[in-house]
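Notes for the one structure printed next.
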Amino acid sequence: MKTNYHQDVDTVSEYSQLSAWKSASTGDRLNVVYGLTVVLVVVVSYVLGAFSWLPHDPEAMDLDTMMAGPFTNGYLLGTDFMGRDILTRLILGIQAYFLPGVLAVIIALGLGSLLGVLSGYWRRRFEALVTYFANLIDSLPRLVLMLLVIAAFRPNIYTIMVVFGITTAPTIAMLVKGKVMMLRERNFIESAVALGLSPGVIIFKHILWYNCRALLLIQATIGMAEAVLIETSLSYLGFGVQEPTPSWGNMVQAGANYLLQGNFWPSTAPAIAIMLTVLGFHLLGDGLNNILEGRQNR
Amino acid sequence: MKKIQTRMFWMLVVMFGLALGHTAAYADAAPASANKGSGLSYGEYGRPTTLDPITSNDMISMRITELLFNGLVGINNKQQIVPELAESWDQSADGLEYTFHLRKDVKWHPKSGEEAKPFTADDVVFTYNIMMHPRTVTPLKVRYEFVSEVKKLDANTVRFTLKRPIMNALPKFTFKIIPEFGPANAAFLGRDDPFVQNPIGTGPYRYKETTANGEIVLEANPDYFKGAPKITRFVAKPFADQNIMNQALMYGSIDMSVLVNPRNVPEIQGDKRLRLQSYSALSYQFFGYNTRNPLLADKRVRKAFTLAINRSEMLSSFFNNQGTVISGPFAPGSWAYNLDVKPLPYDIEAAEKLLSQAGFKKGSDGVMVKDGKRLALTLKVPIAQESESVKRVVLAFKIYLRRVGADINVEFLEWQAWKEAVFANHDFDIMFASWVFDDSADISSLFHSGEIGAWRNNFGGYSNPEVDSLLVEAKNTLDHEKRRTIYRKLHERLADEAPYTFLWTLTNYAAYDRKVRAVQIHPYKFFPYADTWYIGEGGDDKADAPAPTKAK
């Protein structure tokens, strides 16, 4: 008996995701395809870097070929101020933000959904408390908080990303809360409650998995874009990854010293990489948002 | 035991560290009003921390005090002692007493609305006493321990009594005199005293104001005892970035840059409006080793490191060849430098041979191992934005040493943290820095084993009895030629011992608009002759650059 109910309830969701892709606009589809390509490139590069399958030694210097443009002497993307291969360092620079970014996103999503569900599902008990907590975190400027953490501990990208995750959580909590409050009133949740399903099953399966995963996925892509920006900005300022370990941020910074002498390439190459990546994550999030969330009621 | 006297004017510059903590200043795109008329504005990389001659210990502050203050005696551009606040002096036969007869026509810069006060012997005694007070924070104290007493004989005569005769004592009396009525606290001078930001001196320029964006404005002292200076205003403009400072010079918003980055030299040479002038500071850059680490206690390892790095390649790639590779502990411009000792060549094979003689074998990961210990070391470097060339040097050092199987971990530290790690806690294996010397070329505080300890200059804990005795011998001799011979021997010993990897002396360049004429630059004080500079209009200055004559 119970199995039947499950199957019935299984198919009940706010909308069907398959048809959403078919009804999406070309622009949104392009955004998503571009975004997914960026994600693929980032992931593949991350794996390459992790196994050190690189075109050159990232630290080997070539003082005869310093600050060369692309396609010089077998350096596909040219060399930096020490004559090191820029392509290799770009690939390796992904190590600097990939895992920390994923960690930050996991923290933000986990904490955000927890708070959102608590306050949306058991409003009477938790709403005031969670709202207070969210306001408290929101009232602290994020960058100041990060600089405080840097001052208190050693500059470490993981601690910074934990701060980033925690400070992003309230935004996600508010989104999830809104969604949960809305779903709470819907017939299929009410019937699930009436049928005696445990709150755990209702929340994790019927609310979060079936109905919030699109929202969380979108937030994850935007969070990742933010994480890339934060890591590169901090490395640019000298608080993140230190030379000789490459990060896109410290590559831009190091190259900027030579910008006014006409050597624009060593800082432009990582800057373009940052731009394309952040754009990719944002467009992916935007496209998914339009396809999965925004136009669901059309 | 008495502290070994350091009779040298050493200064740890590590030039890039100075400006840490200074806030950014921005160059105006349009020429500033300070350029108009016959004023001169010059760019500095950072702000001076203090404007008085006693507490200041960075080059930016020291340069500006040259414009504001005078010493009893001065040094002219031929390295001769010339009268300044003292018009003459006598030296007792035993070399223990120096009596200075002061000028009677010198007046302190007046405070606004007040009469200018005369300069007297009391000010000299006061300056010496406040300088030597235990609570005064000054790098000068160690230089003047040889003085036992300063006495005012009459209003214009003052006598210094020495504890023992020392060689070449007169140049020591170039220290700058401050007025007795200046500091709010007459006992000792701290950096919180209002005087350090509102200096009153006797010099060619008076302090006028510090603007909201950190520019320091000085105006000419019409009553200057050597005659009113020709340039009516000096403005020191702080910059947070050398690139911006260079652009400011190129676009005319400053008239002079006191230190040009080597990589900007070609650009400035190509600009007809600007003139580039080199001045050789007695300084050099080096990697210092912590000999407390058993791996580095062996001189063969230190020497192997020196052999393994290609200093001339770095000099040409990173500094446009603007400098000289050195072999030992003196600056090449100094009389103490031994030209017979040649810098070690770049020779990887010799380096590997020395390492294997020292008992190292290549491990499985390519890093040398001795008795189960990997040759893995930490190189500590202070961070700063300016240090881009430093960054290249230390990264190249790491790569060079990797080729001979040494694993160097480069750690960039904030300036204060770096100083504590290196000088107080000795928590480092290798450090990168530079020393600046005065003409006495005294290196005893760097290598004498009595100078080992927290905040002492022998940070590497280097100790060698032969070097110790040579240093003491050099200090005790009163004969210049003899000291020179000892220094030549020391140079040879230290080149072989390699407590440092001596790198190079860089050529310093100042650049300025050609309208500034008769420019003479002192190697490390920079501005002592600025009272005779002047602003010319039109044409070139080739014809009208007479050697400045010092007024008596």
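Each chain gets a letter, A, B and so on, in the order its sequence line appears, and its residues count up from 1.
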Exercise for review: Show your reasoning for whether side chain to side chain donor-acceptor pair (under 3.5 Å) applies to A:Gln253 and A:Ser235.
Suggested key: CA-CA 8 Å; A:Gln253 195 275 329; A:Ser235 294; over 6 Å; no
What I want to check is whether the side chains of [X] and [Y] have a donor and an acceptor closer together than 3.5 Å.
{"X": "B:Gln277", "Y": "B:Tyr509", "result": "no"}
{"X": "A:Glu231", "Y": "A:Ser247", "result": "yes"}
{"X": "A:Gln242", "Y": "A:Asn250", "result": "no"}
{"X": "B:Asp429", "Y": "B:Asn293", "result": "yes"}

Practice item. Apply side chain to side chain contact (heavy atoms under 4.5 Å, CB included) to A:Ile106 and list each qualifying residue two or more places apart in sequence or on a separate chain. Key: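 For A:Ile106, the residues satisfying side chain to side chain contact (heavy atoms under 4.5 Å, CB included) (neighbours in sequence not counted) are A:Val102.
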Exercise for review: Mind checking side chain to side chain contact (heavy atoms under 4.5 Å, CB included) for B:Glu411 and listing every partner two or more places apart, or none if nothing turns up?
Suggested key: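 Only A:Arg154, B:Thr378, B:Lys380, B:Asn409, B:Leu413 meet the side chain to side chain contact (heavy atoms under 4.5 Å, CB included) criterion with B:Glu411.
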Point to revise | Proximal component of A:Ala254, with respect to chain B [non-hydrogen, under 4.5 Å] | key: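 Both backbone and side chain.
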Review point. By number, which residues in residues 73-82 of chain A have some heavy atom less than 4.5 Å away from chain B?
Key: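 A:Phe81, A:Met82, listed by number.
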**Study point:** Contacts of residues 34-72 of chain A with chain B (heavy atom under 4.5 Å)
**Key:**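 Residues in range: A:Asp57, A:Glu59, A:Ala60, A:Met61, A:Leu63, A:Met66, A:Met67.
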Exercise for review: Flag the pair B:Arg273 and B:Asp513 as a salt bridge only when some basic side-chain nitrogen lies within less than 4.0 angstrom of an acidic carboxylate oxygen.
Suggested key: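 Salt bridge flag = yes for B:Asp513 with B:Arg273.
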**Study point:** Presence of salt bridge, A:Glu243 and B:Lys398, under 4.0 angstrom
**Key:**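 A salt bridge is absent here (no side-chain N lies under 4.0 Å from a carboxylate O).
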Point to revise | Check: A:Tyr97 ring centre within less than 6.0 Å of A:Trp248 ring centre | key: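 Yes.
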Check your understanding: Heavy-atom distance under 4.5 Å to chain A: side chain of B:Asn264, backbone, both or neither?
Key ->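 When you check distances to chain A, only side chain atoms of B:Asn264 fall under 4.5 Å.
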